[in-house]
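This report refers to the structure that appears directly beneath it.
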Amino acid sequence: EAAREAAVPPTAPPHRRFDAQVLLAEDNRVNQEVVTGILAIFGLGAEAVGNGREAVAAWRTGRFDLIFMDCQMPEMDGYEAARMIREEEGRGAHGGRRTTIVALTAHALEGDRELSLAAGMDDHLSKPFRIKVEPVDWRKRFRNLVGGLALVLFGLELLSRALREA
């Protein structure tokens, strides 16, 4: 921890101490800009692609720690993209390292989360974001995501609220 603290300039705000690359698979340009902008605030690099086929191709480069995957996209949906990624990981792609995939979608009906998990995704977040659990439970739910990305999701919730109220 001390070595990590030393690697961050003392003037950097605490929320810029994340070290992860995020792939955003989202076909809506406005959503791409909002999510990548929020990730940038937290010091996270992000690359946006517009469909599942592009997401799989980008993942194959091995540069990403986390994928936010829309479920409904043209050419190949997020479910199929997640299944393909999991199949390739199962065959040893990226040394067998499992990339965290989180469904980031407007699908909020009962059973949608289960569809995401069945496709191989690690979690399911519905847009607009609503935090319905206590902060301690929120952090616990996302403790396995790359270094504190739960804070990014909280930031998305705040932005979503601000846009609705504007």
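- Here the shortest heavy-atom pairing between Asp65 and Ala20 reads OD2-CA, 3.1 Å.
- The shortest non-hydrogen separation linking Met121 to Ala82 is CG-CB, 3.8 Å.
- Between the CG atom in Asp70 and the CG atom in Leu104 there is a gap of 7.0 Å [rounded to 0.5 Å].
- Distance check, rounded to the nearest 0.5 Å: CZ of Phe68 to CG of Asp123 gives 9.5 Å.
- The side-chain contact (heavy atoms from CB on, under 4.5 Å) check on Ala93 picks up Trp59, Glu88, with sequence neighbours excluded.
- The salt bridge (charged side-chain N to carboxylate O under 4.0 Å, His left out) contacts involving residues 90-106 comprise Arg98-Asp122, where partners must be two or more places apart or lie in separate chains.
- Shown here for Pro74 and Gly50, the closest heavy-atom pair between the two residues is CD-O, 3.9 Å.
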Check: residues 33-48 side-chain donor-acceptor pairs under 3.5 Å, at least two apart:
residue, atom, partner, partner atom, Å
Thr36, OG1, Gln32, O, 2.7
Thr36, OG1, Glu33, O, 3.4
Glu47, OE1, Arg63, NH2, 2.3

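- Counting heavy atoms from C-beta outward, His124 and Leu117 have side chains that stay 4.5 Å or more apart.
- For Arg53, the side-chain contact (heavy atoms from CB on, under 4.5 Å) partners at least two apart in sequence or on another chain are Asn51, Glu75, Met76.
- Residue Ser116 comes nearest to Ala103 through the heavy atom pair OG-CB, 3.4 Å, listed as atom of the first residue, atom of the second, then distance.
- With values rounded to the nearest 0.5 angstrom, Ile101 atom CD1 is found 4.0 Å from Ile85 atom CD1.
- A distance of 5.0 Å separates CD in Glu80 from CZ in Arg83, rounded to the nearest 0.5 Å.
- Nearest heavy-atom pair across Leu23 and Ala55 is CD2-O, 3.5 Å.
- How far CG of Leu66 is from OG1 of Thr99: 9.0 Å, rounded to the nearest 0.5 Å.
- For Met69 against Ala25, the heavy-atom pair with the smallest separation is SD-CB, 3.6 Å.
- Residues forming a side-chain contact (heavy atoms from CB on, under 4.5 Å) with Leu115 (at least two apart in sequence, or on another chain): Tyr79, Asp112.
- Glu54 meets the salt bridge (Lys or Arg N to Asp or Glu O under 4.0 Å) test with no other residue; sequence neighbours excluded.
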